[in-house]
Amino acid sequence: MTKYDPLAIEPKWQETWERDGLHHVTEDSARPKKYVLEMFPYPSGDIHMGHVRNYTIGDVVARHATMRGFNVLHPIGWDAFGLPAENAAIKSGSHPATWTYANIETQAASFRRMGFSYDWDRAVRTCDPEYYRWGQWIFLKAWERGLVERRSSPVNWCPSCKTVLANEQVIGDGVCWRCKSKVEKRELEQWYLKITEYSQELLDDLDDLTGWPERVKAMQANWIGRSEGADVVFMLCDADGEPTDERITVFTTRPDTLFGCSFFLLAPEHPLVSRLVAGTEYEAEVMKVVAKAASESAVERAGGEKEKTGAFTGRFVVNPVNGAKVPVWVADYVLMDYGTGAVMAVPCGDQRDFEFARKYHLPIPPVVLADGDPLLPSLGGVKELVLEDVEWEVACPAEGTLVQSGRFTGMRGGKKSEAMHAVTDWLGERGLGEESVNFRLRDWLISRQRYWGNPIPAVHCPTCGLVPVPEDQLPVVLPMDVDVTKGETLADHPEFYETMCPKCGGAARRETDTMDTFTCSSWYYLRYCDARNDSAPFDPAKAGYWMPVDQYIGGIEHAILHLLYSRFFTKVLRDLGLLEFDEPFTNLLTQGMVKLDGATMSKSRGNVVAPEDMIAKYGADALRVYILFMAPPDKDLDWSYEGLDGMWRFLNRAWRLVDETAEETSNVLDAVRMPGPVEKALRRAVAASVAKCGDDIERFQFNTAISALMEYVNAAYDYRRDVPADERDHALMRSVARDLTLMLAPFAPHMAEELWHEVLGESGSVHRTPWPEFDPAALVADEVELPVQVNGKVRDRLTVAVDAAESDIVAAALALPNVVVHLEGKTVRKVVVIPGKLVSVVAG
RNA sequence: GCCCGGGUGGCGGAACGGCAGACGCGGGGGCCUCAAAAGCCUCUAUGGGAAACCAUGUGUGGGUUCGAAUCCCACCCCGGGCACCA
């Protein structure tokens, strides 16, 4: 008789596994590989329940796959660069490195305490020079391929983080993804990775990611934002309104509405604006709009239903399709960084243009009429412009019939419509337009004006310009003597930035910006394949063996950010010849958040449930099984303490079952009793649970996998209750106990290992023993109980042999007492028999 | 506004178109005990009924089907993402 004592056995097995190198893996061509990966953590401090959930899911998947015969890579590491380390250092007066490495030690200890099956030999920390050196290397390779650019443009500036941000990192209402401060627009020269070169491929390949949640793919497609349309050329008129040969191109998704263009818009930042109005009576008003736009923060500029403002420039452009002269306005709702920064305004079909037209009393000629529009009878077929305004309250952006549109009148208009192609072709023949595609996705701004990051390996030379640091000089080491508590960055360190030009040898200035930490996390999954390589980021052969990641697990918050960047890096490395696949993560599981009373747990709110406390009371195994049992993995989960007691009861019940069975069967070799109906029932229940548990793990329904284990244990207890100890089928009970231990292994690895060795007396690790098989024949019962429905309602039950003839079943069903009652006064019209399922009688 | 999810007992949640509510929590009753803890047995959707059983029931309203939580149409509510992207 032994007692379940997790606090004693858990540390014991953790030490044993690590001493024996149980989780150490190498490439092995004899077994199928499986790469199971959880998004690596930022070392923010202690682990929280979200970590427990994320890494437990991965651990169960990894351990189960191992028992199923896969060669499983299951690594861990730390996303160790980043701002919180600097902020914490400023607060505590220490160094970001000290804070970071201390937190990594704490988290690593917690992960070991949870019993996660990591190959610790492959651990990476992105702030180690051995790691970030290869990030610099990849940057240089991308640069060689023309994918790196330093340029000036309006960028997102977070005043609180004191650095610029990439577009993806400005979330919600224009706030910083990390600190939630409002982001400002600034014109700055910055480093970019040209992710837009891959826009189309990043969009197209989403279709191949059949193992990804639709939600995540939809978000990425939305973010990439592909629009089909046309570039249309307008001719600028001079100050007297006479056409010149200066062309201004616009992008539009609705070239079919070109006849409805009644004015033309320029973004306030458009370079043409100041030239057009310089010295004219319009200059003052226009510059007011420009100044207002410039002073507004990104938030104000982007904020929802803002009133549009603009001013007339005094100039006109010529509409290529009908030669009409339309006025050029400056408008604050036109964005400089989408399309060309110029827009043809069609107020009848575009709500924004419609509002602008109403505000400034500009004409709204209708050119596309929806079916059933009251104007259709009078305007249908009219080619010339006869009606300059409408009485509508809103624009009509839908498809419909073209009117007042010259030769195109009468055609169907709309996105990708007949008229759209006709107008585009017509323009094309005259060199005034062509089909065109625009993306919402912008290049990835990767430079950060912060210390704790990967230095950008570049030098500014007064004679040679921008010069990459030669490969053999990598890594550019991040100096440790920068005092962030005084607000210092690399730009305050002459020892760092004073350098020599690698090209001409003259005095030069080293780049002092560091890279966005998302560059570090965009390729770490490749480094795990060959973590200690000091001559390359990874050996392509090893990456070829392990990659792509078969199962990736992490939070939905990275649906765009990390997952999009990683896909981009993979494609770049592929084009560099280092990888032979297109996508890094074959299957993706986005786990839900762990909340408390519906609110996100956070230290500032003070509503944190510490995993350590739960481990101290119940052990890691109970916490692991419980957090998986609470909800399906992709759903948010509300933490509750009550259920944990129930999980503790279950584990003890399972322990006692194995323990007592081991004792009762230790001296008995043969079955005491011939297998009878009770044994058959137990076999059936056990086989069903084994089948369900394995299936459910493979489809990530851990909650129902665990409930299958509970049913398994309940079935065994029912048998023990119904059959006295000395009459039991001991061989059967012994295999029941053994299989239970095996199935517990992925969920409660310490308990299973202890039972395996100390209670069942088996040798070798339970985690290197094959997952239990079950006999499909055991699933088949001799008799089945069929519900019998009369007109769709269950009225009685019928027990028949599984192989009973249909005619016999029908006869027996119609004779059931309660069926007879409900058939009173009715004629049986039809009887449907679904073998093994039910009998349905239709009567009327 | 557009795009994704999701609405099932007191609670977390189960249900290849086939007995709705598995499994667990919580609760009621009982056994064991001097008592408790632990454990064990048992009941637990709602209304009616002593019970057998009957009626109702998976957000709302329709439809398909012998049969719908599940499929189709329309709508309501909740959560999330995107949003002046031409």
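In what follows, every heavy atom counts, from backbone to side chain, and hydrogens, waters and symmetry copies are set aside. Below, chain A is the first sequence line, B the second, and so on; all start at residue 1.
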Practice problem: Select from A:Val841 and A:Glu214 the residue whose nearest nucleotide in RNA chain B is closer to the 5' end of that strand. | Solution: A:Glu214
Exercise. Send over the distance from A:Arg53 CZ to B:G12 C1', rounded to a whole Å.
Key: 12 Å
Quiz prompt | Contact pattern, 5' to 3', of nucleotides 45-51 of chain B - B, S or - by protein heavy atom under 4.0 Å | solution = -------
Quiz prompt | A:Asn319 side-chain N/O to A:Leu258 backbone N/O, donor-acceptor pair under 3.5 Å | solution = yes
Quiz item: Can you tell which of A:Ile57, A:Ile627, A:Asp696, A:Thr56 makes a side-chain contact (heavy atoms from CB on, under 4.5 Å) with A:Phe702?
Solution: A:Ile57
Self-check item: A:Glu711 with A:Lys692: basic N within carboxylate O range, under 4.0 Å
Solution: no
Self-check item: Of A:Tyr338 and A:Arg699, the one whose closest RNA chain B nucleotide lies more 5'
Solution: A:Arg699
Distances under 3.5 Å between protein N/O atoms and the N/O atoms of nucleotides 78-81 of chain B, please, pair by pair.
none

Quiz item: Where each pair must be Watson-Crick or G-U wobble with both distances under 3.5 Å, what dot-bracket representation of RNA chain B is obtained, with crossing pairs in [ ] and other-strand partners as |?
Solution: (((((((..(((.....[....)))((((((.......))))))((((....))))..(((((..]....))))))))))))....
Self-check item: P spacing across the pair B:C25 / B:C19, given as an integer number of angstrom
Solution: 26 Å
Quiz prompt | Spacing between A:Arg795 atom CZ and B:C53 atom P, to the nearest angstrom | solution = 11 Å
Practice problem: Send over the distance from A:Asp722 CG to B:C40 C1', rounded to a whole Å. | Solution: 13 Å
Quiz item: Between atom CH2 in A:Trp655 and atom P in B:G39, what is the gap in whole Å?
Solution: 16 Å
Self-check item: Spacing of the C1' atoms in B:A14 and B:U58 (rounded, Å)
Solution: 12 Å
Quiz item: Can A:Val273 and A:Thr313 be said to form a side chain to side chain contact (heavy atoms under 4.5 Å, CB included), step by step?
Solution: CA-CA 8 Å; A:Val273 171; A:Thr313 62; 5.5 Å; no
Exercise. Check RNA chain B against residues 810-825 of chain A and give the residues with a non-hydrogen atom under 4.0 Å, in numerical order.
Key: A:Asn818, A:His822
Quiz prompt | Donor + acceptor pair across side chains of A:Thr249, A:Asp231 (<3.5 Å) | solution = no
Self-check item: Donor-acceptor contact present, side-chain A:Tyr565 to main-chain A:Ile195, <3.5 Å
Solution: no
Quiz item: Can you tell me how far C1' in B:G7 sits from the matching atom in B:G13, rounded to whole Å?
Solution: 14 Å
Quiz item: Any side-chain N or O of A:Arg721 under 4.0 Å from OP1/OP2 of B:C41?
Solution: yes
Exercise. Start with the C-alpha distance between A:Arg358 and A:Glu355, add both sets of side-chain angles, then the distance that settles salt bridge (Lys or Arg N to Asp or Glu O under 4.0 Å), and finish with yes or no.
Key: CA-CA 5 Å; A:Arg358 275 283 145 84; A:Glu355 286 166 23; over 6 Å; no
Quiz item: From A:Met1 CE over to A:Asp659 CG, what is the distance, rounded to the nearest 0.5 angstrom?
Solution: 6.5 Å
Quiz prompt | Carboxylate-amine/guanidinium proximity below 4.0 Å for A:Arg721 and A:Asp718 | solution = yes
Exercise. Measure from CG on A:Asn652 to P on B:G39 and round the result to the nearest Å.
Key: 7 Å
Self-check item: Spacing of the P atoms in B:U70 and B:G80 (rounded, Å)
Solution: 26 Å
Practice problem: Carefully, step by step, assess A:Phe263 and A:Phe356 under the rule ring-ring contact (aromatic ring centres under 6.0 Å, His included). | Solution: CA-CA 10 Å; A:Phe263 49 100; A:Phe356 193 80; 5.7 Å; yes
Self-check item: Anti/syn call for B:G62, syn if |chi| within 90°
Solution: anti
Quiz item: Quantified in whole Å, what is the P atom distance between nucleotide B:U8 and nucleotide B:C78?
Solution: 14 Å
Quiz item: Rounded to whole angstrom units, what separation is found between the OH atom of A:Tyr641 and the P atom of B:G26?
Solution: 16 Å
Quiz item: Can you list every pair that meets salt bridge (charged side-chain N to carboxylate O under 4.0 Å, His left out) and has a residue in residues 247-268 of chain A, with sequence neighbours left out?
Solution: A:Arg254-A:Asp256
Quiz item: Do A:Val594 and A:Val609 have side-chain heavy atoms sitting under 4.5 Å apart?
Solution: no
Quiz prompt | Protein-nucleotide distance (A:Lys793, atom NZ; B:A55, atom C1'), rounded to Å | solution = 8 Å
Check: residues 793-800 of chain A side-chain donor-acceptor pairs under 3.5 Å, at least two apart:
| unit_1 | atom_1 | unit_2 | atom_2 | d |
| --- | --- | --- | --- | --- |
| A:Arg795 | NE | A:His822 | ND1 | 3.4 |
| A:Asp796 | OD2 | A:Asn818 | N | 3.2 |

Quiz item: What pairs with A:Asp634 under salt bridge (charged side-chain N to carboxylate O under 4.0 Å, His left out), at least two apart in sequence or on another chain?
Solution: none
Practice problem: Tell me which nucleotide among B:C66, B:C3, B:C41 gets nearest to the side chain of A:Ala218. | Solution: B:C3
Quiz item: NE2 of A:His270 versus P of B:A86: gap in Å, rounded?
Solution: 17 Å
For a quick test of your reading: what N or O donor-acceptor pairs under 3.5 Å do the side chains of residues 222-229 of chain A make, sequence neighbours left out?
| unit_1 | atom_1 | unit_2 | atom_2 | d |
| --- | --- | --- | --- | --- |
| A:Trp223 | NE1 | A:Glu168 | OE2 | 3.0 |
| A:Arg226 | NE | A:Gln200 | OE1 | 2.8 |
| A:Arg226 | NH1 | A:Glu228 | OE2 | 2.6 |

Practice problem: Using a 4.0 Å heavy-atom cut-off, write out nucleotides 6-11 of chain B from 5' to 3' as B (base contacted by protein), S (sugar-phosphate only) or - (no contact). | Solution: ------
Quiz item: So what does A:Pro213 touch, heavy atoms closer than 4.0 Å: a base, only the sugar-phosphate, or nothing?
Solution: nothing
Within the sub-3.5 Å range, which N or O atoms of nucleotides 58-61 of chain B have a protein N or O partner, and how far apart are they?
none

Self-check item: Nucleotide nearest A:Val334 (side chain, heavy atoms from C-beta), chosen from B:G5, B:G39, B:A86
Solution: B:A86
Practice problem: Considering only atom C1', compute the distance from B:G5 to B:A86 and round it to an integer number of Å. | Solution: 30 Å
Quiz item: For the base of B:C84, is there a side-chain donor-acceptor partner from A:Lys308 under 3.5 Å away?
Solution: yes
Quiz item: Is there a residue in residues 223-234 of chain A whose heavy atoms reach under 4.0 Å of RNA chain B, and which residues are they?
Solution: A:Ser227
Quiz item: Looking at CD1 of A:Ile556 and CG of A:Leu563, how far apart are the two atoms once the value is rounded to the nearest 0.5 Å?
Solution: 8.5 Å
Dump the pairs, protein N or O against N or O of nucleotides 17-25 of chain B, anything under 3.5 Å, distances to one decimal.
| unit_1 | atom_1 | unit_2 | atom_2 | d |
| --- | --- | --- | --- | --- |
| B:C19 | O2 | A:Arg797 | NH1 | 2.2 |
| B:C19 | O2 | A:Arg797 | NH2 | 3.2 |
| B:C19 | N3 | A:Arg797 | NH1 | 3.2 |
| B:A22 | O2' | A:Glu711 | OE1 | 3.2 |
| B:G24 | OP1 | A:Asn714 | ND2 | 3.2 |
| B:C25 | OP1 | A:Arg649 | NE | 3.2 |
| B:C25 | OP1 | A:Arg649 | NH2 | 2.8 |

Practice problem: Verify salt bridge (Lys or Arg N to Asp or Glu O under 4.0 Å) between A:Glu307 and A:Lys359, making sure each step is shown before the conclusion. | Solution: CA-CA 9 Å; A:Glu307 169 141 3; A:Lys359 178 170 176 183; 2.8 Å; yes
Practice problem: Check whether any side-chain N or O of A:Lys830 sits under 4.0 Å from OP1 or OP2 of B:U65, and answer yes or no. | Solution: no
